[in-house]
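Both counts, for ligands and for their atoms, begin at 1 and track the order of listing.
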Amino acid sequence: MNPIFAAAQTSVFETMSRLARETGAINLGQGFPDDPGPLDVRQRAADAVLHGFNQYPPMLGLPELRNAVAAHYKRVQNLDLDPDREVMVTSGATEALAGALLALIEPGDEVVLFQPMYDAYLPLVLRAGGVPRFVTLRPPHWRFNEADLATVFSARTRVVLFNNPLNPTGTMFDGEQLAHLARFCVEHDVVALCDEVWEHVTFDGVVHRPLMAVPGMRERTVKIGSAGKIFSLTGWKVGFVMAQPELLRVLAKAHQFITFTTPPNLQAAVAYGLGKDEASFKAMRAGFQRSRDRLGAGLAARGFTVLPSQATYFLTVDLGEGADDVAFCEALVRGPGVAAIPVSAFYAAGAVRRTVRFCFAKADATLDAALERLTGATLGSRRPFTAS
Ligand code: PMP
Ligand code: GLN
């Protein structure tokens, strides 16, 4: 058995969702909306199942979806992508990440990662033979600077894996940080693997800027998106990868031996959805922003220090110096009955243990019920629920 996967713990999302089911807790852990998602997009998928072609689609994805992806990113991010040579459809962003890491890394290559990082990154990098080099981000701003990059980039760096907006913190890196990162990528001839699955779920009018659009990055960026996040349908697992033709050809080789294709009916529905007008994306953002504000205000009223969230389905609270986020989350799920995610689970080493992630992509009644459960636990204390 391979020791990397044998030693890997069950994902913190799976663990907390199971605990929530067992204890009857309200699940604000794993990130998924409780809304069924846009009816017209789901209807398109249903129609495609019943009346469409349900055999293997082309390996790179349905032409109509690749065209829709290119047109969509031209419209929302002013990217010029050739749908035939620079866009590939994958079974979720996860497959895109796995394929890209397998395709781009040779054993011994160094890979720069920013922690907290999405849980799949490190096992995949290690299994591909990569040597991880970590930039550690800390609350409340979760920023990096040039000195942080200078410490981890070397002549052996092959890939930087960059998640923006960042799960679990709900923050976006600004233009200055993108420019720093681009400069290091160019100077060290590094490929940037950009996990931008949260690019559409942004708040307060903040607009996502793809690293691919920063000067010098077009030829060395692999951009990854996910329909699951764009349409609030996380189980759909339809992702897209965008890169210049030479890079995409290599990624396609990995894809053809992992999943080869992605369900054509879902692809057809996503192609339709990407063409919807800006108003529907705006409405999606406004809905999640309202939920963010509802949960954030409720937590603040109960004594929590709520950190800013500019994107994603998540906000984090700062429990303060010396806190133990894992013990806190266990106590929270078993006591008042609310599941959340300890942010330390997103670190490989030197974890920050003072922050906890809550998912606000839920109906008002669910958020209110969770806040109600927290009320008794918070009385008179700034560190509301002391970990045992
Ligand atoms: N990357 C990040 C940062 C994520 O948050 C997620 C899912 N929440 C994924 C990748 C996986 O996306 P998909 O479901 O499309 O595989
Ligand atoms: N991306 C989701 C989250 O961050 C979880 C996905 C999963 O369970 N692997 O909560």
A.B. asks: Of all the non-hydrogen atoms in the protein, which one sits nearest to atom 9 (N) of ligand 2, and at what distance?
C.D. replies: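 In this structure, atom 9 (N) of ligand 2 has Tyr118 OH, 3.4 Å as its nearest protein heavy atom.
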A.B. asks: Please state whether Arg357 comes within less than 4.0 angstrom of ligand 2, counting heavy atoms only.
C.D. replies: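 Per 4.0 Å heavy-atom rule, Arg357 contacts ligand 2.
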A.B. asks: Among Phe231, Phe281, Tyr313, which residue satisfies the ring pair (Phe, Tyr, Trp, His ring centres under 6.0 Å) criterion with His200?
C.D. replies: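 Going through the options one by one, the only one that passes is Phe281.
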A.B. asks: Does Arg183 CZ have over 12 foreign heavy atoms under 6.0 Å away?
C.D. replies: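 Atom CZ in Arg183 is crowded, with more than 12 foreign heavy atoms closer than 6.0 Å.
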A.B. asks: Whether Arg143 and Asp148 form a salt bridge (side-chain N of Lys/Arg under 4.0 Å from carboxylate O of Asp/Glu) is what I want to check.
C.D. replies: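 No, no charged N to carboxylate O under 4.0 Å.
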A.B. asks: Should we say atom CZ of Phe5 is surrounded by more than 12 heavy atoms from elsewhere, each under 6.0 Å from it?
C.D. replies: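 Yes.
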A.B. asks: If I apply the N/O under 3.5 Å rule, does Trp198 come out as touching ligand 2?
C.D. replies: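 No; every N/O pair is 3.5 Å or more apart.
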A.B. asks: Quick check, are the ring centers of Trp198 and Tyr118 under 6.0 angstrom apart?
C.D. replies: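 So the answer is no for these two rings.
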A.B. asks: Just to be sure I understand the cut-off, which residues have at least one non-hydrogen atom under 4.0 angstrom from an atom of ligand 1?
C.D. replies: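 Residue list for ligand 1: Gly92, Ala93, Thr94, Tyr118, Asn163, Asn167, Asp195, Val197, Trp198, Ser226, Lys229, Lys237.
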A.B. asks: Any nitrogen or oxygen of Gly31, side chain or backbone, less than 3.5 Å from one on ligand 2?
C.D. replies: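 By distance alone, the answer is yes.
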A.B. asks: Among all the protein's non-hydrogen atoms, which is closest to atom 7 (C) of ligand 2, and how far away is it?
C.D. replies: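 Atom 7 (C) of ligand 2 sits closest to the protein heavy atom Phe13 CD1, 3.5 Å.
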A.B. asks: Thinking salt bridges, do Arg75 and Glu278 make one under a 4.0 Å N-O criterion?
C.D. replies: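 Glu278 and Arg75: salt-bridged.
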A.B. asks: So how far is it from Asp324 CG to Arg353 CZ, rounded to the nearest 0.5 Å?
C.D. replies: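 Going from CG on Asp324 over to CZ on Arg353, the span is 6.5 Å.
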A.B. asks: Select one of side chain, backbone, both or neither to describe which atoms of Ile341 lie under 4.0 Å from any atom of ligand 2, heavy atoms only.
C.D. replies: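 Ile341 to ligand 2: no contact under 4.0 Å from either part.
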A.B. asks: Applying the ring pair (Phe, Tyr, Trp, His ring centres under 6.0 Å) criterion to Phe114, which one of Phe134, Phe162, Trp142 satisfies it?
C.D. replies: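 When ring pair (Phe, Tyr, Trp, His ring centres under 6.0 Å) is applied between Phe114 and each of Phe134, Phe162, Trp142, only Phe162 qualifies.
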A.B. asks: May I ask you to decide whether Arg334 forms a salt bridge with Glu330, counting only side-chain N to carboxylate O separations under 4.0 Å?
C.D. replies: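 Answer for the salt bridge query: no.
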A.B. asks: What about Gln30: any of its N or O atoms under 3.5 Å from an N or O on ligand 2?
C.D. replies: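 Yes; the residue has a nitrogen or oxygen that sits under 3.5 Å from a nitrogen or oxygen of the ligand.
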A.B. asks: Checking contacts here: is it the side chain or the backbone of Phe314 that comes within 4.0 Å of ligand 2, counting heavy atoms only? Could be both or neither.
C.D. replies: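 Side chain only; the backbone of Phe314 stays clear of ligand 2.
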A.B. asks: How far does CG of Asp109 sit from CG of Leu101, to the nearest 0.5 angstrom?
C.D. replies: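 The CG atom of Asp109 sits 11.0 Å away from the CG atom of Leu101.
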